[in-house]
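First comes the structure, then the notes that go with it.
Since the model is a prediction, treat every value here as computed from it, not as a measurement. Chain letters run A, B, ... following the sequence lines, proteins first, then strands; residues in each count from 1. Note: hydrogens, waters and symmetry copies are ignored here, and every other heavy atom, side chains too, is used.
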2 protein chains.
Amino acid sequence: MHTILKSVTKEITIGIDHPFVMIGEKINPTGRKKLAAALAEGNLDYILQLALDQAAWGADVLDVNVGVPGIDEVSVVKKVVELIASATDLPLCLDSANTDVLAAGLAAAKGKPLVNSVSGETKKLETVLPLVKDRGAAVIGLTMDDNGIPRTPEERVAVAEKILEHAVRKGIPAEDVVIDPLVLTVGSDSKAALVTLLTIELLRKSLGVNINVGASNVSFGLPERPTVNAAFLTLCIQAGATCAITDSAKLGQTVRAADLLLGRDANSMRYLKYFRLAEKLREAEATEAG
Amino acid sequence: MHTILKSVTKEITIGIDHPFVMIGEKINPTGRKKLAAALAEGNLDYILQLALDQAAWGADVLDVNVGVPGIDEVSVVKKVVELIASATDLPLCLDSANTDVLAAGLAAAKGKPLVNSVSGETKKLETVLPLVKDRGAAVIGLTMDDNGIPRTPEERVAVAEKILEHAVRKGIPAEDVVIDPLVLTVGSDSKAALVTLLTIELLRKSLGVNINVGASNVSFGLPERPTVNAAFLTLCIQAGATCAITDSAKLGQTVRAADLLLGRDANSMRYLKYFRLAEKLREAEATEAG
């Protein structure tokens, strides 16, 4: 199953027989004070820099979340979407808990964006899916519903099925629904990552859908988080995940190594290309810093 | 299935329901000029340091290979085995292509060592297995035979079955045979790692044996080898490998992260303990260097 995202000039295919897709996570003010301030002050230069940096480090798609209390998110999301489209050729992933903001982002975005996110919650299904359908977008479906996040892989897959059914009934093609099995922090529950990995395997076998993971929550509260995040993303890719909302600068090399090791990179071409890119970017950073 | 290794005072259990076991790879002169010189000159201090460093970085077992052209390996292996036993409490993995050297190492080692290695080659089966049986040791069985390294997972598993049959017929318990599915360099064959991973899955399902991997060959010739090695080891652990001949200083953190993410580390105890250990060792190294 292939999920195709588009900007005006670029098409990105998410699928198990394609290179793993990285959705850049950095344009999201949660836990990023400098970005929250930039959004509040309308400092577009900083946001532009985040977009360009992520594109340089190999992000295939950019997540856009402008959720800062007290700002006019509807007008801000429009500006940010247009700004990014003017400076990069990457498709966007519009990320908001507010339907009006999603609608504004979808109206401003060209091509075929991804919506982050719907879930199995009744209200979300009723408000988000029509937007996705009307715009011809794709959508991330989180495996949680009105009762919260289920504990077992089987229950999470059942929520995924429910989301898929609702989407298809509304006229959204099944391949435009990317399921996110959710991951809790392994520091507070040592089975948390395992449940997510088993959910991914089960989703792959039973539904064959594309699967997104958020690859940094898992290590919350632990030391040496990059090591845990790299190992987790590797495990998710092996289990069957096909895209992640992640930090391409930190995890790009691991993603390209996993693709290579899983036999999805003939002659190591993508791995070597990424290595040369990263080497140049690190040199440039060192020169600036020095 | 549990493979138990012993020193005089310590017991290490290899098994899918136990923490992943790291066999320290550094006492092997292949590609290590300084160690080759130390072995040729009888410089035991350097060898002792390699043993202590690996033990400090969390190696559970130490590989011992003294193969340097022109030296009396039989007498050297005895000295090295006794030296390590005097300074650490770790079980040993005796590593030689020469049966006389294995015999001398087995005679010198206390407890229950591991022999590295037998294969499906007729001569190896006939010469190595009797030594393993007489000493009550465990043995690593490489999935290659008189025709070389098979290309498919099924053929490699068939070689593993042949080794197991020969071992059991000679009176070696099946649980004392650890299979190594071998890995070629992914840089020269982009399916090389995948074949190894599929072999691991098939071995786990069909034979249930313990599985060892050598986790650094895979990245030969590629840049950023540690990233590839870390990703590969993570993939192997998920597929069902239970031990690796590896560099505990470089890959220990990844191994502990993989155990944690796969739900084998209640309350993150081993991960956090390893992090604190690594932090202290890095501080000590920085102090020495500064």
Side-chain angles (χ1 to χ4, degrees), chain A residues 183 185-198 200-201 215 218-219 221-239 250-279 282, chain B residues 183 185-198 200-201 215 218-219 221-239 250-279 282:
Chain A
V183 62
T185 63
V186 77
S188 51
D189 173 3
S190 57
K191 300 289 179 192
L194 189 62
V195 168
T196 302
L197 293 168
L198 294 172
I200 293 172
E201 285 180 9
V218 70
S219 62
L222 289 174
E224 288 260 326
R225 293 184 64 181
T227 304
V228 180
N229 292 345
F232 181 63
L233 193 50
T234 306
L235 295 171
C236 289
I237 295 173
Q238 188 174 27
K250 283 190 185 142
L251 289 169
Q253 195 85 33
T254 291
V255 165
R256 295 284 80 93
D259 271 347
L260 172 62
L261 292 164
L262 292 168
R264 298 172 191 162
D265 184 4
N267 301 316
S268 324
M269 294 293 282
R270 284 179 68 88
Y271 179 82
L272 292 172
K273 191 176 159 195
Y274 194 85
F275 167 75
R276 286 190 289 264
L277 168 79
E279 202 175 32
R282 283 190 204 110
Chain B
V183 62
T185 63
V186 78
S188 51
D189 173 4
S190 57
K191 299 289 180 192
L194 188 62
V195 168
T196 302
L197 293 167
L198 294 172
I200 294 172
E201 286 179 10
V218 72
S219 62
L222 290 173
E224 287 259 326
R225 294 184 63 180
T227 304
V228 180
N229 293 345
F232 182 62
L233 194 49
T234 306
L235 295 171
C236 289
I237 295 174
Q238 187 174 28
K250 283 190 185 142
L251 289 170
Q253 195 87 33
T254 291
V255 165
R256 295 285 78 95
D259 272 347
L260 171 62
L261 293 164
L262 291 168
R264 299 173 191 162
D265 184 4
N267 300 318
S268 324
M269 293 292 282
R270 285 179 67 89
Y271 179 81
L272 292 172
K273 191 176 157 195
Y274 194 86
F275 167 74
R276 286 189 290 262
L277 168 79
E279 201 176 33
R282 282 191 206 109

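- Residue Val195(A): no heavy atom, backbone or side chain, is found under 4.5 Å from chain B.
- The part of Leu197(B) that comes within reach of chain A is its side chain, from C-beta onward, which places non-hydrogen atoms under 4.5 angstrom from that chain.
- In this structure, chain A has a heavy atom under 4.5 Å from the side chain of Leu222(B), while its backbone stays farther away.
- Taking all atoms of both residues into account, the shortest heavy-atom contact from Gln253(B) to Thr227(A) is CG-CG2, 3.7 Å.
- Counting heavy-atom pairs closer than 4.5 Å to chain A, the top residue among Ser268(B), Gly263(B), Ala278(B) is Gly263(B).
- Heavy-atom neighbours of Asp189(A) CG from other residues, nucleotides or ligands within 6.0 Å: above the threshold of 12.
- The most heavy-atom pairs under 4.5 Å with chain A, out of Ala231(B), Ala257(B), Pro223(B), come from Pro223(B).
- Put simply, the side chain of Val186(B) does not reach to within 4.5 Å of the side chain of Tyr271(A), judged on heavy atoms.
- From Thr234(A), atom OG1 reaches atom CG of Leu233(B) across 10.5 Å, with rounding to the nearest 0.5 Å.
- The choice from Lys191(B), Arg256(B), Arg276(B), Glu224(B) that makes the most heavy-atom pairs within less than 4.5 Å of chain A is Glu224(B).
- Rounding to the nearest 0.5 Å gives a distance of 11.5 Å between OG of Ser190(A) and CG of Leu262(B).
- Only the side chain of Leu272(B) comes within less than 4.5 Å of a heavy atom of chain A; its backbone N, CA, C and O stay farther away.
- The parts of Phe232(B) that come within reach of chain A are both its backbone and its side chain, each placing non-hydrogen atoms under 4.5 angstrom from that chain.
- Between chain A and the options Leu198(B), Thr254(B), Leu260(B), the largest number of non-hydrogen pairs under 4.5 Å is found for Leu260(B).
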